[in-house]
Amino acid sequence: MPAESVLTEVADAVRLQEGPPGVRSVLRALRRLAPASTKDLSRATGLPVPIVAALGNELRRRGLVTTQRPSRLTEAGEKLVARLGMDLVLDATCRACDGRELVIPDVLDEAVRRLRALMESGPAADMAIDQSHCTAETKVRRVLALLTAGALPGGSLLLIGDDDLISLAVAVVGDVLGGPIVEQVTVVDISEEILDHIQKTAAGLGTRVETVRHDLRLPLPTALHGQHDVAMTDPPYTPEGARLFLSRAVEGLRPGPAHSVFFSFGGKSPDEMLEVQREIMALGLVTNGYIRNFNEYEGSGILGGVGFFQHLLTTTSTAPSHLGEFSGPLYTGDKRTRQREYTCAACDARIRVGPGARWTSVAALRADGCPSCGKGPFRPGRLVPAEDPTPPAPPPAPTPQDAAPAPTPVTPPTPPAPVTAPASPTSPTSPTSPSGRVHGWRPPDDDDRAALAERAQPYVTRQADERDLPAIGRFEAEIARVSFGEDAIDDPERWATRLGRAMEKSKEGMIVANAPGGEPVGWCWVSINQNAMTGDRYANFRSLAVSPVDNRSDVAELLLTAGLEFCLANGITEVVGRVHVGNVPMRTVYRKFGFDPTSLAMKLFLPEQDGVR
């Protein structure tokens, strides 16, 4: 088959809007970056992660990409690339700034550290309104972009939405450098939680920050019209969101040309980006600078965790494009009209995700596990209209090896997936101790305990033992996959062996949930340790996972309650839980039960020297 025909065939198979050039860009990136993860390829090409994954699957089916991950081109793939004239690898990206055009100077390392701490204690992102917090490094780079463009120091800055806490970044950078770098920052946001966090934090940083709670679907308050020298916004990732937030930014700027608007946005298809650029032109703004992958986000996985940063300037023609109230679709979820079909890698079941489906996001599907086998992961496939009546193909009948072994002949439960978030405990509001610490949890009373046991039926908790090791091994392997992705040690037998050795020393604090006579559907592990310096005893909350049973959140609450009561029975008053920064479901569980973030582990990989790390 001609090389160009292969590109067309692959593009058609996934209905790729970018067509053959999009497939070519993935092959080019794979040739340059191999071995490369799906996320790496998404960042390199600007294509969403699910699209890159779907393209990868089509290329694998044709023997052009390896089945092992991270991915490489096969010999056939290398030949195809050569036939397409793409076998030359020449990367001129600046290694100092990684193509972002700005490098954070050493003097601002402290600002990065302080902003990480402020993020940890700040409000969580609300995905329903397209929030996805940028990293601490990105916050500092945005401030550097303002300084580099001459928009700062001095003057007034208007932030149209600030879930990224750029107001605090400006204040922290000023504090680190020894004085305010702006006369005033005005934050307009709908979230009272975000505005309260900004006000409380900014109060001690020396920068004047004014917060205005306002729904940006409504016109900007009159008092803010034409009062600011520079504006910045990171709007919902839709053309409508870009137009509305940029229009509100223009409302707040002083009249006249050459005022700056800094605009962050996620990569979209060429047709969608054309809509965005038309909105910019309609506002009378002109592009003065553009940097791909400038913004890195904790989340926004569908976009590879990155977005572009655009510096716009006002002109004599600049004027708001939307002066009245906005009532149309604004956020990504508002505009979804199609579902995407995902295939379970374990059993080939096809599951629809999107508006009107049981799972509205692939993250929710991953959290619950495949409805057929309970496993995963899931390969993205074709887009289908939400109202398409054609049912997905049923999965093949399970083979004997698919079933989990059980100690007695009962129907085995589906294999585990880490719990998303249990319901909040029903215990009364926790009191504050004389030392000022807030106690985040208290044991349930008799009525609450009976209600929890009723909701969790037929499952009860008990101490784990050796017969549970195969199931526990699968729990731990799945926890590792959720936390560490491609770097995970996800061999269940290896985990079972490790936990078996731990059991030989002590089974205390190892708890499983199961139906009488059945295999465990949940697992919790709490160990008691001692601080080597102070001698104080504390509990280490090490694991929690629950299979996707119908009353999953109740089983999770049952396990958590048993684990925390084990701590109280042993005289423990401090419980520590460690979680990978990317494991959002487990972080949510901790917050639900009153755990407060207190530290952040940092990791650095050093290069090998003569084969010695």
Side-chain angles (χ1 to χ4, degrees), residues 49-50 53 127-128 299 301-302 333 336 339-381 384 386 391-395 398 402-404 411-424 455-459 471 474-483 485 488 490 492 512-515 518-524 543-560 579-580 582-592:
V49 167
M127 300 298 184
I302 197 170
R336 275 196 200 108
Q339 300 170 354
R340 184 174 293 279
E341 201 169 75
Y342 284 81
T343 302
C344 175
C347 71
D348 284 334
R350 282 187 280 169
I351 308 108
R352 288 188 180 177
V353 174
R358 178 178 173 184
W359 293 275
T360 57
S361 70
V362 70
L365 174 61
R366 288 195 197 102
D368 286 350
C370 173
S372 175
C373 71
K375 299 180 183 178
F378 302 93
R379 298 189 300 266
V384 293
D402 290 330
T411 303
T414 52
V419 64
T420 300
S424 299
R455 295 197 308 272
Q457 285 187 358
Y459 307 109
R474 292 194 294 275
F475 282 124
E476 290 294 327
E478 185 62 24
I479 291 171
R481 281 191 287 269
V482 169
S483 295
D490 58 356
V512 293
N514 69 313
E519 190 182 44
V521 299
W523 151 251
C524 172
S543 297
L544 173 70
V546 179
S547 297
V549 293
D550 290 339
N551 53 347
R552 186 183 195 184
S553 63
D554 300 313
V555 176
E557 186 176 334
L558 196 69
L559 282 165
L560 278 162
V579 59
H580 189 272
N583 190 348
V584 176
M586 192 62 218
R587 286 163 57 188
T588 304
V589 169
Y590 279 139
R591 284 190 179 274
K592 286 281 187 180

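Counting only heavy atoms from C-beta outward, the side chains of C373 and C344 approach each other to under 4.5 Å. Here the side chains of R552 and D368 are in contact, with some heavy-atom distance below 4.5 Å. Between S543 and E476 the shortest side-chain heavy-atom distance falls below 4.5 Å.
Across every non-hydrogen atom of E519 and A471, the tightest pair is OE2-CB, 3.8 Å. Closest of all the heavy-atom pairs between F475 and A545 is CD2-CB, 3.5 Å. Heavy atoms only, all atoms of each residue included: G376 and A346 are closest at O-CB, 4.0 Å.
Note: C370 SG to D348 CG = 9.5 Å, rounded to the nearest 0.5 Å. The CD1 atom of I351 sits 5.0 Å away from the CZ atom of F378 when rounded to the nearest 0.5 Å.
A side-chain donor-acceptor contact under 3.5 Å links N551 to the backbone of A456.
Looking at residues two or more places apart in sequence or on another chain, you find a side-chain contact (heavy atoms from CB on, under 4.5 Å) between L559 and T461, I511, A513, C524, L544, V546, V555.
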